[in-house]
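Everything below concerns the one structure shown next.
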Amino acid sequence: MVIKQSTNSNFRLFKSKNRADKFSHSLSMTLSWMFAIIFFALIGFIIYASVQGFQTYGWGILGNQFDLEHNKASVWLPLCITLLISCIALLISAPIGIKTAIFIKYRLLPKYRKGARVTVEVLAAIPSVIFGLFATQSLGVLINTLFHIGSSYNLVTAGFMLAFMVLPTIVSLSLNALEGANTNFISAGMVLGNSKTKAIYKICKRDARNGITVGIIIALARAIGETMAVSMILQGQGYNTIFTDGFFSILTSGLRSLGVLISANMFAEGGGPALQSLLFAFGLFMFVFVMILNGVAMYATKQKNRSKVKWWTPAEKKIAEFVLFVPTRIKIWYEKLTYSSQVNINTNFSKYISTRISKNKFVYLYTGWKIFWEWFAIILTASFLLWITINILVNGMIAFSSGYATTFSFGKDTTGEAFICTLLIIVIVIGIGLPLSLMIAIYINEFIKPGKIKNILVFFIDSLGATPSILFGMFGLIFFIQTLGLTTEGVAGKSLIAGALTILIVILPVFVRTIQQALQSVSVELRTNSIALGAGKWETISKIVLPAARQGITTAVVLSIGRILAETAPLYLTSGLSSSSAVSLGQPGQTLTTRIYAQIYTSTIAQGTNIMYECALDTMIMVFLIILVVHVIIPQYYIYKQKRLLKQQNLVTDTKASKTHNKISYCIKSLCHHKKNKKSTKIKNSDDG
């Protein structure tokens, strides 16, 4: 009877675990494939909204004339401006970023590498509108002084600003690629007679070439999609002058990029639905172009794809020979001038090689040249971060001391109300996004098996993550406001809830991937041992995997808060640039970043500049707090918890040991006492006898 009751109890427990596994699998799978629905919905709504624009402007979209008043709007002209400033940014940031990554990986001591990574992450966490403010007030002035352009509002300034914006992306991805390179290659290269520097550049850098290439392509996609910071610099729309003016005149002009053109004309007076539909068509072109770049990046990451293409490797060699033709000839001439062989190559080839290597002065010149540029890159990166930080802090304090500071006021269109709206959006997005991202990451990492289905799902997630944020803003405008009507002011209104839901879609891909990496870092042995002990799949995930990945999940939440704080374009189109008299989800509301951008349209320049710097200082303080929490507070907290747990375990062990010791001592004493009594009894009996 007892055995039968135990069997029934075990069977019910098994059924309960099985139901929990099936439910968690179904729920996580449903939420995961929502990404595919969102991806196709994003494309579908943009195509639907662009139909009228194609009908009104016709083939003029693909022409070479731009005149909105006469229904001529070429997409190629602003796209060429976009590519021009993006290429300027890459020409500056790519060599600096790669050299910085090499310096951090191979020159810095391990104890200083974390500080260097934190510096790069601080630069990456600065919102784009702060970059725009810094470029218009400081960087543009320096560039104008150096190149005598005549104005700070030009393509050169925009290109330099974008270079520092995408620099952290190149540094981080290049550093990750170099981390994956085998460090034994350096020793092997040095054994063969190369210097350490030459081994780094000729072997390790070449081994990490795929990852570095992907980083550059992703940085290019980000530069193309950047809107709000560039819109603070570029204000012109006279694209037809491209064919009449020279190249230098184009560089010194303020022609808008494609994203800026969309942002500036979305709510233009007298534009009408036809112009708005045209802008959605432009957004569709941008989306397709960025997807092509991301497809190339994903294709380039897989070595087997490159090996299938027979022309890839020969083409790479031909391009390298063409680019390095002059440097190679200079190197050969330098070696001939600095080394003359006294060994007959025909009689003693090995001695000739060893003598040539030992007396090759080009090696020292090569090493000094590379190290010089590495130091230049790291100093330039650190100097820029220090410059922008000091600029914001000093000017922000001046703004606080002026009469325009409203950080502690909570009326309409004040910095205090913008701060409240920012916190409200963060709470809504994290409250909805954390469980969604967690379940999707669990499905990708724990339930779905590697294969085509997983690759397709990851492709949708990464594609959404690489989509320019202005396109999310356009989707939120047409879906949440014009279709669902999530505003109290009708289809022409704005609302905080629409902005929060739009930002939720923006951060979900990064949120999911960050949590997935945290789950992936948990040892497989923990899962195997848990299941071997009789735990179900969901029980293993909830009680073993999630607690082990808690630190990574906490870091993902904090980083997502930083991403929400930095976004401007989606909120500009959905939440608006002004606030209502009271904070309400159905009413428009400024955030700290949209309040900075809104000052472009103010009539009082001094007041607008002070408000910009005030909001920038508040935002920078929040950014530094986020970095502090991620890199100091969270790690120290978990280190403290581990030490406390170990201390408790040692205390329990010591307590058990002391109890065991006391028991053993008691037994020994009892045994000795028993023997003593026995001996005394024997003596007494003998005395009696």
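Remember, predicted model here, so these are calculated numbers, not experimental data.
Across Ala73 and Phe66, no two heavy atoms sit closer than the pair CA-CD1, 3.8 Å. In this structure, Met286 and Ile224 approach most closely via the heavy-atom pair CE-O, 4.3 Å. Between Gly259 and Thr227, the shortest heavy-atom contact is O-CG2, 3.3 Å. Nearest heavy atoms, Asn265 versus Leu261: ND2-O, 2.9 Å. Contact record, Met228 with Ser128: CB-OG, 4.4 Å, taken as the closest heavy-atom pair. Looking at every heavy atom in both residues, Tyr57 comes nearest to Ala274 through CE1-O, 3.9 Å.
At distances below 3.5 Å, at least one donor-acceptor pair connects side-chain atoms of Thr157 with backbone N or O atoms of Ser152. Side-chain atoms of Thr594 do not come within 3.5 Å of backbone N or O of Gln590 as any donor-acceptor pair. The closest donor-acceptor contact from the side chain of Ser277 to the backbone of Pro273 lies at 3.5 Å or more, if one exists at all. Between the Thr82 side chain and the Leu258 main chain, a donor and an acceptor come within less than 3.5 Å of each other. When atom types are taken as modelled, the side chain of Ser174 and the backbone of Val171 share no donor-acceptor pair closer than 3.5 angstrom. Formation of a donor-acceptor pair under 3.5 Å by the Ser253 side chain with backbone atoms of Ile250 is found in this model. Between the side chain of Arg222 and the backbone N or O of Met165 there is at least one donor-acceptor pair closer than 3.5 Å.
Judged as a side-chain hydrogen bond (donor to acceptor under 3.5 Å, both in side chains), and not counting sequence neighbours, Ser249 has no contacts. Remark: Glu614 engages no residue in a salt bridge (charged side-chain N to carboxylate O under 4.0 Å, His left out) (not counting sequence neighbours). Trp373 meets the ring-ring contact (aromatic ring centres under 6.0 Å, His included) test with Trp369, Phe376; sequence neighbours excluded. The salt bridge (charged side-chain N to carboxylate O under 4.0 Å, His left out) search around Arg513 returns Asp462, not counting sequence neighbours.
If you check the side chains of Thr422 and Arg595, you find no donor sitting under 3.5 Å from an acceptor. Between the side chains of Ser231 and Arg256, no donor N or O sits under 3.5 Å from an acceptor N or O. Side-chain contact check for Asn154 and Thr252: no donor-acceptor pair (N or O, by modelled atom type) lies under 3.5 Å.
The aromatic rings of Phe39 and Phe460 sit tilted, their planes meeting at an angle between 30° and 60°.
Between Leu62 and Phe285 there is a side-chain heavy-atom pair separated by less than 4.5 Å.
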message: Between Ser138 and Asn391, does the side chain to side chain donor-acceptor pair (under 3.5 Å) criterion hold? Intermediate values first, please.
response: CA-CA 8 Å; Ser138 299; Asn391 181 271; 2.8 Å; yes

inquiry  = Let's go through Thr467 and Val290 carefully: what are the C-alpha distance in whole Å and the side-chain angles of both, what is the deciding distance for side-chain contact (heavy atoms from CB on, under 4.5 Å) to 0.1 Å, and is it a yes or a no?
reply    = CA-CA 7 Å; Thr467 303; Val290 172; over 6 Å; no

Subject >> side-chain contact (heavy atoms from CB on, under 4.5 Å) evaluation trace for Leu173 with Ile218 >> reply: CA-CA 9 Å; Leu173 294 179; Ile218 292 174; 3.8 Å; yes

Which atom pairs, donor and acceptor, lie under 3.5 Å between side-chain atoms of residues 46-53 and protein residues at least two apart or in another chain?
from: Ser50; atom 1: OG; to: Ile46; atom 2: O; distance (Å): 3.1
from: Ser50; atom 1: OG; to: Ile47; atom 2: O; distance (Å): 2.8

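Enclosure of atom NZ in Lys72 is not indicated, since only 12 or fewer non-hydrogen atoms of other residues, nucleotides or ligands lie within 6.0 angstrom. Around the CH2 atom of Trp387, the shell of radius 6.0 Å holds more than 12 heavy atoms that belong to other residues, nucleotides or ligands.
Applying the salt bridge (charged side-chain N to carboxylate O under 4.0 Å, His left out) test to every pair with at least one member in residues 117-130, sequence neighbours left out, gives these pairs: Arg117-Glu179.
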